[in-house]
Amino acid sequence: MLAVVASQLEQNPTLEAFREEASFITLDANRNANSLFDVLKGYSELKLIAADHGSVATVEELYGLLGRPLENLEKLHDRARQYALIDIPHRLIRTPAELDGALDEYGHALTLRPRRIGAMDRQLVYRGGDNAAIGLLLQASEFVACPFLPSPRFVVDTVSLGGRHVTSDVACLRVDERGGGLHVRHRISLLDGDPRAIAAEAAARQGLDALAFCDGASQVELVQNGGEWRICEIRSAPQMDGAGADASFTAFGCSHAHLYCESILRPSEFERRFSRPPRRRRYHLASAPIRRWTDPQSEGRNGLRLLRRLTGYHSINRMSLRGQGGVEYVVSLVHEDMASLENSLKIIHEMEDSGSLFGADGNFIAYAMPRRGQTW
Amino acid sequence: MMHDVIIVGGGPTGVAAYCALVRKAAAKSVVIVDPIPAGLGNVFGERCAADPMLLCNSSNGLTWIDANDNNDFLDFLVERGWPVASEDHVPRYMIGEYCRQRFLEYRRQALQNGMTTVQLETRANLVRREAEGYSVELAGGQMLRARNVLLCTGLEVPKIPQLLQPFSDHPRYFSGAYPASALRDLPKGAHILVLGLRSSAQDAMLVLVRSGHRVTMTSPSGRVSSIRDVFRYPPRSYFDKAAIEKLDPEDPAFFKQVLALVSRAAAEAGDGLDLPEQISALQDGQSRLRDDLALAEAGKTRWADLIFEGLNAMNAMVGSWDDRTRQRIMPAAYEFTSRFVASLPLLSGQRLVEEIDKGTVRLSAVFVESLSANEDGWTVVWADGEEERFDYVVSTSGYHFPRFPITAHGEIRITHAGDLRAGIPLAEIGSDLRLKADREEPECIWALGAATNAKFPVAHLLWLAAQHAEDVASQISAMSDSANGKSSGKAEAA
């Protein structure tokens, strides 16, 4: 039996791809792992799959409860740290004293995260002294501390077969520090031939090889620091999987989520697809998670009207609530002109930060109809 | 390499010039020099316009960068599915999007026509005359060469009032309302003094009030600009053009004559409603604001239909005056221009009154006598002797217009500095917008848009920039034809 764990059971593209194929059960990753375990206890032949990045931690926990070793979902980032030479230095932290020791060793600021897979959106920045966020982290039994690198971050989406890797997208991430946490504000893909894309891709392949990552879809997150490329994390499941615009469509004719499912369910078709060279892309894709940071003053979501008419607007998809900020939507943009996309992203961030997306005061509707006695 | 044209500044004016050059096929190679991607600019790009709460002060029907198509911006909006009309005001960032989009379209067309376009993301410091053409010195010291140079530098450096110059680096002082995020992220519940009452001050007020701050606004005059119901392309011409042409600034009755012309035009635009019935006569700032708002809500501010025509007439008239006449007349006209030309859209006026009624905004009738700052905030002494504490001060005194001083070597420097030494010679802008440096013959260097402020009093208008672009591109095209012997061929054919 295949059990697919997803952090959102509706409109999850990965889950949809699974549904095309196999007999399986779906489990809601937002539920308590013990209650999910009760459901699974009756099955003897069981394989657990994470349908998205947000459900990886739940799958890991379920394997622990089942008393079985991880199969597809090994602790990839730990293995990467063990084998890859391009890794960021890190320390396992269990006590406040160890935290201070790490701060002394790594410098003025640390990035902290729970020591488990799927904690990407629970990263915090620690600069010493009292930090309310530490309390949240200490709820986890262990966490990992790395030097805080405020450099631009990149992600490389890859598909691998028999140890060969093909890149479907290289994107630059904007990561902001807010309320002590690190939050991905947007990703914007680089065009084929961009020197940064070439360098990031080479570093990602190096990481995947060091990890002996052979088959399936993966996502490698890197930072560029002082001319060197360092791997933050290697993921075995797509992230921001709800985004409507997916570079894999151009490269391979289907989504990155679909590739992931196909590699598990239909390896022969996956191999055929893999044997064809990916198509080149001549436009940029961007996606931005948008969150409700401020309390809305009304329930209307008129700001979304503005989003839909921004240059390059492609789609908006609802996402599951996870992590600190509680991602609610992902906006996707596609355009050939990077400057236009960056401008649109800046406007999206302004709308999000000022609370004007979700019906807080200052939404567009009030400003677009100054004509007397007219409404629309 | 010798280029045909270098455009210094890639904001709306620079893009308008570029598009006009492409339309007229007036150049084979164009270089745009601007650190910001062409089209987005400083005023309509992410710095000043990313927050959608900040609206254009001009309506859609008065916004275009193609002088041949007054509906260009409206078409752009409608193509994107905005159900808007020419009288609507949309978020300011949309003009940045519009200019960028038009730039990309024209660049594609230029490529098809064999014209090369390059943007260098840097600044230009000065223009030097060479044996052939000109060289433009860039911020990094590199030189670019071209036969023609278009100076399309817009607004960039905010003015700092005399009162605040000793505090220009104070962490609790903001010289301008932008970027909005700087004001938005101040600690909640702050008490903030905004110096200024015009459109930038309204922007600052909106952002601050939305973020939960209390705002006190003031200006030396203590008066808010008037409020207009609509600001549109006039349905027809109202001014007596022949009478305008006869106006003589040396005539002692000059102002009376102007007022009579405006009154007649306003009565015509108001369909019998005379000018005094269209404007408030109250003297107290707040009472006048409410009175103006009531008139605008009743649709009685028909003087607004004179703004477009009036601005064009004023620029044309003042543009022909010498410096002495301009310096004598224009300060006296300031009260008139600041009240009506810089009038607020109805929605901004409604919002301001709403916030005053809620107690989040206060208009101070007296101005600041002096102020002092420490690390916790500001102590302001008002002109009536009262003292008040503020957490932050925001000044919205507008921006320095670009200036083009001539160096000792006859080069033309490009600067936005407001502190040019008195007596330093400035390049003169001719009626054809060509600059004159240290010789009688005009250079093949043109000033466009806001860069013509030394000549035109209200130069930061998109429609004016579009007209400048069209005129300058025609001149370059004619010069290019002439150099290639096309004009003689055309003349012979004729």
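Just so we're clear, the structure is a prediction, and the values are computed from it rather than from any experiment. Chain identifiers are assigned alphabetically (A, B, ...) following the order of the sequence lines, protein sequences preceding nucleic acid strands; residue numbering begins at 1 within each chain.
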Sort Q350(B) into side chain, backbone, both or neither according to what part of it lies under 4.5 angstrom from a heavy atom of chain A. neither
Give a yes or no answer on whether the side chain of R153(A) reaches the backbone of V223(A) with a donor-acceptor pair at less than 3.5 Å. no
Only pairs of heavy atoms separated by less than 4.5 Å count here; which of K346(A), R309(A), E342(A) has the most with chain B? R309(A)
Quick test of your reading of the model: are E336(A) and R108(B) salt-bridged, counting only N-O distances below 4.0 Å? yes
If you measure from the Lys or Arg side-chain nitrogens to the Asp or Glu carboxylate oxygens, is any gap between E97(B) and R102(B) under 4.0 Å? no
Answer with side chain, backbone, both or neither: which region of R100(B) has an atom nearer than 4.5 Å to a non-hydrogen atom of chain A? side chain
Flag for S343(B)-R228(B): side-chain donor and acceptor within less than 3.5 Å: yes
Which one of A180(B), G81(B), P37(B) has the most heavy-atom pairs closer than 4.5 Å to chain A? G81(B)
Go through the atoms of L310(A) and report whether side chain, backbone, both or neither lie under 4.5 Å from a heavy atom of chain B. both
With no hydrogens and no angle check, is any side-chain donor or acceptor of Y106(B) less than 3.5 Å from a backbone partner on V15(B)? no
Identify which part of H349(A) has an atom lying under 4.5 Å from any heavy atom of chain B, answering side chain, backbone, both or neither. neither
